[in-house]
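Only one structure is covered here, and it is reproduced in the block below.
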Amino acid sequence: MPYRVAVVVSGRGSNLVALCDAIVADPDVAVVLVASDRSAPALLLAEHRGIATHRFESHQDPAEWCDLLARYSVDLVVLAGFLKMVPSEVVTRYAGRIINIHPALLPRHGGAGMYGSRVHAAVVASGDAVSGATVHLVDEVYDRGAVLGQATVSVQSGDTAADVAERVLMLEHRLLPAAVRAAARAGKPVPFDFS
Ligand code: GRF
């Protein structure tokens with residue numbers, strides 16, 4: 001039986017695609033569901049790959065989440081560009097089984113409102129010489145759960161937020177599959193090495 005992954009999204013879905021591509025020949029892990037709070041491009045990408053999709057009627061309703069995750073026998077929930085909070089009842093029920101990818105080196109540049117280009121603008125504005133991506137466990141507070149793995153990129157003087165965003169995204173596309181593969185091997189999300 002493969003380890004069954006649900007990916008929850010709000011946007012374009014490049015991490016979803018990278019994850020699917022990375023595990024396509026791996027019999028031990030499968031993306032069985034993609035869910036979104038809105039009609040996101042990522043849902044179409046999932047449909048084209050023959051993956052079941054779900055648009056939440058109410059992303060704040062824990063029963064909708066729990067029914068859905070139970071229906072697809074989900075082992076792991078991956079937040080990949082999901083812009084809303086996971087209901088706290090779901091976080092409790094799936095404690096230790098929900099991970100998120102964030103486009104910076106948490107605990108720097110995380111928290112409510114820190115997503116997308118805002119993150120990279122903050123990196124540039126801070127004069128950081130290094131940025132990167134983080135995979136972490138999800139708890140009730142945005143971007144606070146235990147860090148499982150990180151990867152870094154250098155930030156050059158003169159880089160724009162868009163430059164940093166592009167570099168970090170390439171890295172995310174390798175970091176997230178590494179996190180999911182490590183989770184599949186261990187049967188739950190675990191700290192993993194990335195190099
Ligand atoms: C990524 O940068 C991810 O780190 C953040 O949201 C973005 C999603 O991008 N949480 P995509 O939809 O996977 O292309």
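Quantities reported herein were computed from a predicted structural model and do not represent experimental measurements. Note that ligands are numbered from 1 as they come in the structure, with each ligand's atoms numbered from 1 the same way.
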query = What does the list of residues with a heavy atom under 4.0 Å from ligand 1 look like, ordered by chain and number?
reply = Arg12, Gly13, Ser14, Asn15, Gly81, Ile101, His102, Pro103, Glu172

query = At what distance, to the nearest 0.5 angstrom, does CG of Asp159 lie from OG of Ser154?
reply = 7.5 Å

query = So, does Glu64 use its side chain to make a donor-acceptor pair with the main chain of Ser58 at under 3.5 Å?
reply = yes

note = The reported gap from CG in Leu148 to CD1 in Ile99 (rounded to nearest 0.5 angstrom) is 7.0 Å

key: Verify same cluster id: Val74, Val7 (apolar side-chain graph, 4.5 Å)   = no

inquiry  = Please list all pairs meeting side chain to side chain donor-acceptor pair (under 3.5 Å) that have one or both residues in residues 18-40, counting only residues at least two apart or in different chains.
reply    = Ser10-Asp37, Asp21-Arg49

message = As an exercise, state the distance from CG of Leu33 to CG of Leu68, rounded to the nearest 0.5 Å.
response = 4.5 Å

